[in-house]
2 protein chains.
Amino acid sequence: MDHAFTIGRLSKESGVKVQTIRYYEEIGMMPLAMRSEGNQRLYGDAEIARLKFIRHARDLGFGLPAIRELLELGDAPEAPCAHADEIAKRQLRDVEEKIEQLTGLQTELTRMVKQCNHGQISDCRVIEILSDHDNCLEESHGGRAHVKS
Amino acid sequence: MDHAFTIGRLSKESGVKVQTIRYYEEIGMMPLAMRSEGNQRLYGDAEIARLKFIRHARDLGFGLPAIRELLELGDAPEAPCAHADEIAKRQLRDVEEKIEQLTGLQTELTRMVKQCNHGQISDCRVIEILSDHDNCLEESHGGRAHVKS
DNA sequence: GCTAATCTCTACAGTCTCTGGAGCTATTTG
DNA sequence: CAAATAGCTCCAGAGACTGTAGAGATTAGC
């Protein structure tokens, strides 16, 4: 935990590319790293965890602004609750919604895999099924849960 | 079912923006549309279903390459199941993994919201939850979610 | 100690997936 | 039939990377 390492090692440990790490630093998702005598970035274990977190959250479909908020919850655990609570609640709603939708897809994919028993996919109904799910379409907040808006 | 309609109606019915539909055509996610005398694209019901499917899958965090694969399952209904089965299983694994991670995050966020009601978030473990997931050796394929909110 | 291989640095161009605008044409409707 | 609406193509830009070039830093082998 003591000896710092450079960006290449951080990249390997976290699974985030070197360029991406520098990009995250640039946009403030990662703190400004200490520098060595020769101007190379130096990191510790905390950065590995942070990057793994970002990577997973990205994989789960969160946008960087959302992830930034989640990171803030961890960065300032002593902060007054009002704001954090609001963020946590909003993220929680988002997460619950994602789970719900994914569970629906899981069901359909499972059925499909079952139906697909080494024959032909003559009645593969993924498209039908997913496109007929009108109920989960009109979502409150304009559909895609992402940045922007 | 018979009368064709133009892109605006398709957009409304599917919930996908006009520009995005044209973009999908450009990159081959949607077939080249027939054109009217005046060069306007004409569509039928099949396109509505296809676009709804794409939209849902995007909302769920699938990348276009993955969606393309899923669409192929429906486009080639006479194809032998082997490959399709494999794709479906892979997507299913991906979905299950996401659900698992999201559930962990959900638990943590719920806990935080609860704690918030009583004072402060003394130990926020959001990062830990999502950063400790080493077992899921990041896999490429199409899981990437580029949706941002 | 010197050199070659291997990072790392900055800066900037390009990709992917949309999204929006300008300027013009087609269609609908009052 | 003119105005409003919708569509067309082409182009720019945003978000989140990804890759490349050229120069400096670090390390490993001799």
Side-chain angles (χ1 to χ4, degrees), chain A residues 3-30 32-43 47 51 53-71 142-149, chain B residues 3-30 32-43 47 51 53-69 71 138 140-149:
Chain A
H3 57 301
F5 39 86
T6 56
I7 204 168
R9 165 109 179 271
L10 177 60
S11 170
K12 236 163 230 159
E13 303 272 346
S14 66
V16 175
K17 300 208 165 135
V18 168
Q19 332 272 104
T20 308
I21 296 170
R22 289 199 278 250
Y23 168 69
Y24 284 163
E25 181 184 296
E26 196 181 308
I27 63 169
M29 294 285 295
M30 291 296 287
L32 285 158
M34 318 249 103
R35 296 298 183 119
S36 70
E37 279 297 310
N39 197 37
Q40 301 196 348
R41 289 169 182 84
L42 295 176
Y43 300 96
E47 279 78 18
L51 277 174
F53 171 80
I54 294 174
R55 187 162 78 77
H56 283 139
R58 291 292 293 123
D59 281 348
L60 291 173
F62 290 96
L64 291 189
I67 296 171
R68 213 186 286 257
E69 284 191 338
L70 286 168
L71 285 169
R144 56 234 324 35
H146 301 282
V147 218
K148 177 141 214 94
S149 82
Chain B
H3 58 300
F5 40 86
T6 56
I7 203 167
R9 165 107 180 273
L10 177 60
S11 170
K12 237 164 231 161
E13 303 271 346
S14 66
V16 176
K17 300 211 162 130
V18 168
Q19 324 271 98
T20 307
I21 296 171
R22 291 198 278 249
Y23 168 69
Y24 284 162
E25 180 183 296
E26 196 181 306
I27 64 168
M29 294 284 295
M30 291 296 287
L32 283 159
M34 318 251 103
R35 298 294 184 121
S36 71
E37 280 295 311
N39 197 38
Q40 303 196 347
R41 290 170 180 83
L42 295 175
Y43 299 97
E47 279 79 19
L51 277 175
F53 172 80
I54 294 174
R55 185 159 114 70
H56 279 148
R58 291 296 290 124
D59 280 348
L60 291 172
F62 289 95
L64 291 188
I67 296 171
R68 220 185 278 258
E69 278 189 340
L71 284 169
E138 60 167 294
S140 40
H141 56 288
R144 218 89 175 71
H146 279 271
V147 240
K148 342 274 71 149
S149 118

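Letters A, B, ... mirror the listed sequences (proteins, then strands); counts begin at 1. Owing to the predicted nature of the structure, the values given are computational and were not obtained by experimental measurement.
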Participant: C/dC9 C1' sits how many Å from A/I7 CD1, rounded?
Facilitator: 10 Å

Participant: Closest approach to the side chain of A/L64, judged atom by atom: which nucleotide of C/dT10, D/dC17, D/dT9 is it?
Facilitator: D/dC17

Participant: If you define the side chain from C-beta out and look only at heavy atoms, does anything of A/V18 sit under 4.5 Å from A/R41?
Facilitator: no

Participant: Should B/R68 and B/I27 be marked as a side-chain contact (heavy atoms from CB on, under 4.5 Å) after you check the CA-CA gap, both sets of side-chain angles, and the distance that decides it?
Facilitator: CA-CA 11 Å; B/R68 220 185 278 258; B/I27 64 168; 4.2 Å; yes

Participant: Phosphate oxygens OP1/OP2 of D/dG7: is one of them under 4.0 Å from a side-chain N or O of B/R41?
Facilitator: no

Participant: Taking the side chain as everything from C-beta on, heavy atoms only, tell me whether B/Q19 gets closer than 4.5 Å to B/R22.
Facilitator: yes

Participant: Return the nearest nucleotide to the side chain of A/T6; candidates are D/dG7, C/dC7, C/dT17.
Facilitator: C/dC7

Participant: Rounding to a whole Å, what distance do you find between A/F5:CZ and C/dT8:C1'?
Facilitator: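 Distance check: A/F5 CZ to C/dT8 C1' gives 16 Å.
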
Participant: Quick check on D/dA16: is either OP1 or OP2 less than 4.0 Å from any side-chain nitrogen or oxygen of A/Y24?
Facilitator: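 Answer is no, no contact under 4.0 Å.
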
Participant: Between C/dA11 atom P and A/N39 atom CG, what is the distance in whole Å?
Facilitator: 11 Å

Participant: Round to the nearest Å and state the distance from B/E25 atom CD to D/dG7 atom C1'.
Facilitator: 13 Å

Participant: Counting only side-chain nitrogens and oxygens, does B/T20 get under 4.0 Å of the OP1 or OP2 atom of C/dT17?
Facilitator: no

Participant: Side-chain contact test, heavy atoms from C-beta onward, threshold under 4.5 Å: evaluate it for A/I21 versus A/L10 and give yes or no.
Facilitator: yes

Participant: Looking at C/dT8, D/dC8, C/dC16, which one has an atom nearest to any side-chain atom of B/Y23?
Facilitator: C/dC16

Participant: Would you mind reading off the distance between A/E37 atom CD and D/dT27 atom C1', rounded to a whole angstrom?
Facilitator: 17 Å

Participant: OP1 or OP2 of D/dA16 less than 4.0 angstrom from a side-chain nitrogen or oxygen of A/R58, does that happen here?
Facilitator: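 False: A/R58 side-chain N/O out of range (4.0 Å or more) of D/dA16 OP1/OP2.
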
Participant: For C/dT10, take OP1 and OP2 only and decide whether either is under 4.0 Å from a side-chain N or O of A/R35.
Facilitator: yes

Participant: Between atom OH in B/Y43 and atom C1' in D/dG7, what is the gap in whole Å?
Facilitator: 11 Å

Participant: Calculate the interatomic distance between A/L10 atom CG and C/dC7 atom C1'; express it in whole Å.
Facilitator: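 Whole-Å distance recorded here is 14 Å.
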
Participant: Reckon A/R22 touches a base, only the sugar-phosphate, or nothing at all at heavy-atom distances under 4.0 Å?
Facilitator: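 Base: the residue A/R22, judged by heavy atoms under 4.0 Å, touches a nucleobase.
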
Participant: Figure out the NZ/C1' separation between A/K12 and C/dT6, and round it to whole Å.
Facilitator: 10 Å

Participant: So B/Q40, base contact, sugar-phosphate only, or nothing? Heavy-atom distance under 4.0 Å.
Facilitator: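 B/Q40: backbone/sugar contact only, no base atoms under 4.0 Å.
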
Participant: Among C/dT10, C/dT27, D/dT20, which nucleotide has an atom closest to any side-chain atom of A/Q19?
Facilitator: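 Selected nucleotide (nearest to the side chain): D/dT20.
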
Participant: Considering only side-chain heavy atoms of B/K17, which listed nucleotide, C/dG20, C/dT17, C/dC9, is closest?
Facilitator: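 Among the listed nucleotides, the one closest to the side chain of B/K17 is C/dG20.
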
Participant: Could you tell me whether the side chain of A/L51 reaches within less than 4.5 Å of the side chain of A/E13, counting heavy atoms only?
Facilitator: no

Participant: State whether the side chain of A/T6 and the backbone N or O of A/L42 hold a donor-acceptor pair below 3.5 Å, judged by distance alone.
Facilitator: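 Such a contact is absent between A/T6 side chain and A/L42 backbone.
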
Participant: If you check every side-chain atom of A/P65, which of C/dG21, D/dC8, D/dA16 has the closest atom?
Facilitator: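 Nucleotide nearest to A/P65's side chain: D/dA16.
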
